[in-house]
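Heads up, the thing below is written out as structure tokens.
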Amino acid sequence: MSARYLTTTLPYVNADPHLGHALEFVEADVLARTLRARGVEVFLNIGTDEHGAKIERKAEEEGKSPQAYVDEYAARFKTFADQLDISYDSFVRTTDPLHVAAAQMFWKKCVEADDIYKAIYEVKYCVGCELPKTDSELVDGRCPLHPNVDIEIREEENYYFRFSKYQDVLLAQYAAQQDFVIPEERMHELKSFVAAGLKDFSISRRREKLAWGVPVPDDSEHVMYVWFDALVNYVSAIGWPQDNQRFLKWWPVTQLAGKDNLRQQAAMWQAMLLSAGLPFSRNIFIHGFITSGGQKMSKSLGNVINPLDLVKIYGVDALRYVLMRHASHREDSDLTLEVIHEHYTAHLTNGLGNLVARVMTLAETHLSQPVVLEDGDEKIEQSFFDSIETFHFNEAMDFVFAEVSVADVFMTERMPYKKIKSDVASEQVSARHDIEYLVRQLASIAAHLAPAMPHTASAIIEAVRSNKKPINLFPRL
């Protein structure tokens, strides 16, 4: 049996989970469940990023210690993942002792490679991103991702990582593996960034200015820069450096990340891996943002959509459905409460839910026993697997709902609900054959739905096996 390692990025715990986190978590979970359905052993890693200036400031604002603050938010994110039915195998926290030890060992490996040195620097720094910014990245002197946060000018002696050393080898990797970053547009963007020249980046902060971080080995005056520490979670989660056998079983990793993480995940982290003597990641899928009403979600605009509120209203599988079928996974997506409700009503209540209710009512009433499913009835089509494994989630979901449409058309054209009432015996026999066909179609739909909508798939299969109409899967709201 083959093994695959998948990871999301670690959400930064300076705010509550949002719809963008839900998108990435569900994408990773659908991929994990699909691979498992193929007999692949999967390790899915999620977790929380818990160090840095933003955390220290937020904790101070709330009158809490940084540790108490991150404990509270890590619990929120774990609950969030559980409520979204994410089948994770690891929930790593960057404050975990094993992760801290791994980050310090990773630092030492980079020191041994002569890739860490001290220098004085002055940069324009966005606290919102926890990243230095060049003039070309700023709009009217502000970070476009955090326009309400003042850019800080910082000058101090810090440790640097020799990012510039790895320009050629990164470009060679991108040329050798054209699908290293997906989609293709993000790969072009990454190549342009690296080809323009890489500058060494700061990887520490003085403890007197930032105490909340992983201590730098052999230098009590410095803590690690938050990105350096957090990126190491991808190896610490699978046992590096303590358990090399476990690490080698799972590495390399497939990463899922938002487009604001492109250079950190696909360039900075890959250079760090090389420095530490570790192989590149397997590949990296970059998704877009979710907007609402054509604007970035923000509390001030009043357009924030809380994913857990959607779960309370529509159920977790309905949210997973909307994210998988009606969000664009390669570009930005626009979702509003009105559009989400329309999708729920049209495709789930009136579509899938109605089909299941009609077919299983006929089966319960007119079949003397449950349909005995055959192997082919629950066989997942190769094209469906291919769509998921190449991150074409929309195509995979369209495939499933095309099956729903086929069954609806069959019901309309064959009218088994009329034929079964005929006085002609052959018509009744034909109707029962039609009903059995439709029940087998439901089994196929359920098999393909299982990665994205596991509760719904389970309910459909249980209905088929018991020959009972289930309670309404998607009640009219």
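Here the structure is a predicted model, which is why all the values come from computation and not from measurement.
No side-chain heavy atom of Thr34 sits under 4.5 Å from any side-chain heavy atom of Phe393. Residues Arg154 and Lys209 have side chains not in contact (no heavy-atom distance under 4.5 Å, counting atoms from C-beta outward). Phe193 places none of its side-chain heavy atoms less than 4.5 Å from the side chain of Leu262. In this structure the side chain of Leu6 never reaches within 4.5 angstrom of the side chain of Asn45, judged on heavy atoms. Side-chain atoms of Pro279 and Trp251, non-hydrogen and from C-beta on, do get closer than 4.5 Å to each other.
Seen from the ring of Tyr73, Arg76 counts as a face-on cation partner, given the 6.0 Å and 45° thresholds. Remark: Lys118 is not positioned above the aromatic ring of Tyr160, lacking an NZ or CZ atom under 6.0 angstrom from the ring centre and at most 45 degrees off the axis. The side-chain tip of Arg38 points at the ring of Phe385 from less than 6.0 angstrom away and within 45° of straight on.
The neighbour count for Lys124 NZ, taken as heavy atoms of other residues, nucleotides or ligands under 6.0 Å away, does not exceed 12. Crowding of Arg36 atom CZ: a count of heavy atoms from other residues, nucleotides or ligands under 6.0 Å exceeding 12. A 6.0 Å sphere centred on CD of Gln382 holds more than 12 heavy atoms belonging to other residues, nucleotides or ligands.
Nearest approach of Ser87 to Leu44, heavy atoms of both residues: O-CD2, 3.9 Å.
A distance of 11.0 Å separates CD1 of Ile284 from CG of Asp179, quoted to the nearest 0.5 Å. Expressed to the nearest 0.5 Å, how far CD1 of Ile46 lies from CZ of Arg93 amounts to 12.5 Å. Atom OH of residue Tyr5 and atom CH2 of residue Trp250 lie 10.0 Å apart, to the nearest 0.5 angstrom.
Checking His99 against Asp229 by side-chain atom types alone, a donor-acceptor pair falls below 3.5 Å. Counting only N and O atoms by type, the side chains of Tyr234 and Gln265 include a donor and acceptor under 3.5 Å apart. A side-chain donor from one of Gln270 and Ser281 sits under 3.5 Å from a side-chain acceptor of the other. For Asp317 and His455, the side-chain atoms include no donor-acceptor pair closer than 3.5 Å. Side chains of His392 and Ser387: no donor on one and acceptor on the other come within 3.5 Å. In the model, Thr94 has no side-chain atom that pairs as donor or acceptor with a side-chain atom of Glu50 under 3.5 Å. Counted by atom type alone, Asn306 and Asp16 present zero donor-acceptor pairs between their side chains at under 3.5 Å. Of the N and O atoms on the side chains of Asp29 and Tyr88, not one donor lies less than 3.5 Å from an acceptor on the other residue. Donor-acceptor pairing under 3.5 Å is lacking for the side chains of Asn148 and Arg142.
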Inset, instruction - Could you walk me through whether Leu449 and Phe401 pass side-chain contact (heavy atoms from CB on, under 4.5 Å), step by step? - result: CA-CA 9 Å; Leu449 273 182; Phe401 280 82; 4.1 Å; yes
Legend entry - Candidate pair Glu72 and Lys64, rule salt bridge (charged side-chain N to carboxylate O under 4.0 Å, His left out), full reasoning: CA-CA 10 Å; Glu72 177 185 333; Lys64 300 173 182 175; 2.4 Å; yes
Inset, instruction - Start with the C-alpha gap between Asp332 and Thr291, add the side-chain angles, then the distance that decides, and say whether side chain to side chain donor-acceptor pair (under 3.5 Å) holds. - result: CA-CA 7 Å; Asp332 291 350; Thr291 58; over 6 Å; no
Inset, instruction - Assess whether side-chain contact (heavy atoms from CB on, under 4.5 Å) is satisfied between Leu348 and Leu473, documenting all intermediate values. - result: CA-CA 8 Å; Leu348 298 182; Leu473 297 178; over 6 Å; no
Inset, instruction - Could you check Tyr225 against Asn158 for side chain to side chain donor-acceptor pair (under 3.5 Å), going step by step and ending with a plain yes or no? - result: CA-CA 10 Å; Tyr225 162 72; Asn158 282 339; over 6 Å; no
Inset, instruction - Please step through side-chain contact (heavy atoms from CB on, under 4.5 Å) for the pair Leu337 and Ile305, ending with a clear verdict. - result: CA-CA 7 Å; Leu337 291 175; Ile305 299 175; 4.0 Å; yes
Legend entry - Audit row: Leu256, Thr7, side-chain contact (heavy atoms from CB on, under 4.5 Å) steps and yes/no: CA-CA 6 Å; Leu256 290 89; Thr7 187; over 6 Å; no
Inset, instruction - Verify side chain to side chain donor-acceptor pair (under 3.5 Å) between Thr9 and Gln255, making sure each step is shown before the conclusion. - result: CA-CA 7 Å; Thr9 49; Gln255 300 177 221; over 6 Å; no
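For Phe474 and His347, the ring centers sit 6.0 Å or farther from each other. Taking the six-membered ring for Trp and the full ring otherwise, Tyr174 and Phe280 have centroids separated by 6.0 Å or more. Taking the six-membered ring wherever Trp is involved, the centroid distance between the rings of Phe161 and Trp269 does not fall below 6.0 Å. Taking the centre of each ring, His326 and Tyr321 come in below the 6.0 Å mark.
With hydrogens and angles ignored, the 3.5 Å screen pairs no side-chain donor or acceptor of Glu389 with any backbone N or O of Leu31. Remark: side-chain polar atoms of Ser192 are paired, donor with acceptor, to backbone N or O of His188 under 3.5 angstrom. A distance-only check finds no donor-acceptor pair linking the side chain of Ser204 to the backbone of Met224 [under 3.5 Å]. When atom types are taken as modelled, the side chain of His343 and the backbone of His341 share no donor-acceptor pair closer than 3.5 angstrom. A donor-acceptor pair under 3.5 Å is formed between the side chain of His448 and the backbone N or O of Glu381. Under the 3.5 Å distance criterion, the side-chain polar atoms of Asn283 are left unmatched by any main-chain donor or acceptor of Val181. Between the side chain of Ser458 and the main chain of Pro454, no donor-acceptor pair closer than 3.5 Å is present. Counting only distance, with no hydrogens or angles, the side chain of Asp49 and the backbone of Ala230 share no donor-acceptor pair below 3.5 Å. Listed for the Ser333 side chain is a donor-acceptor partner under 3.5 Å among the backbone atoms of Ser328. Remark: the backbone N or O of Ile55 is not paired with any side-chain donor or acceptor of Asn14 at under 3.5 angstrom.
Using a 30° and 60° split on the angle between ring planes, Trp107 and Tyr159 fall in the perpendicular class, above 60°. Using a 30° and 60° split on the angle between ring planes, Phe80 and His21 fall in the perpendicular class, above 60°. Between Tyr314 and Tyr344, the angle of the ring planes lies from 30° to 60°, which puts this pair in the tilted group.
Glu189 and Lys259 are not joined by a salt bridge, as no carboxylate oxygen comes within less than 4.0 angstrom of a charged side-chain nitrogen. Salt-bridge annotation for Arg263 and Glu137: present, with a side-chain N of the basic residue lying under 4.0 Å from a carboxylate O of the acidic one. Salt bridge Arg57/Glu60: absent, no basic N to carboxylate O contact under 4.0 Å. Salt-bridge formation is not detected for the pair Arg320/Asp85: no Lys NZ or Arg NE/NH1/NH2 atom is positioned less than 4.0 Å from an Asp or Glu carboxylate oxygen. Classification of Arg4 and Asp89 as a salt-bridged pair fails, no side-chain N sitting under 4.0 Å from a carboxylate O.
Among Arg207, Arg206, Arg205, the single residue meeting the salt bridge (charged side-chain N to carboxylate O under 4.0 Å, His left out) criterion with Glu221 is Arg206.
A ring pair (Phe, Tyr, Trp, His ring centres under 6.0 Å) check over residues 128-149, counting only residues at least two apart or in different chains, returns nothing.
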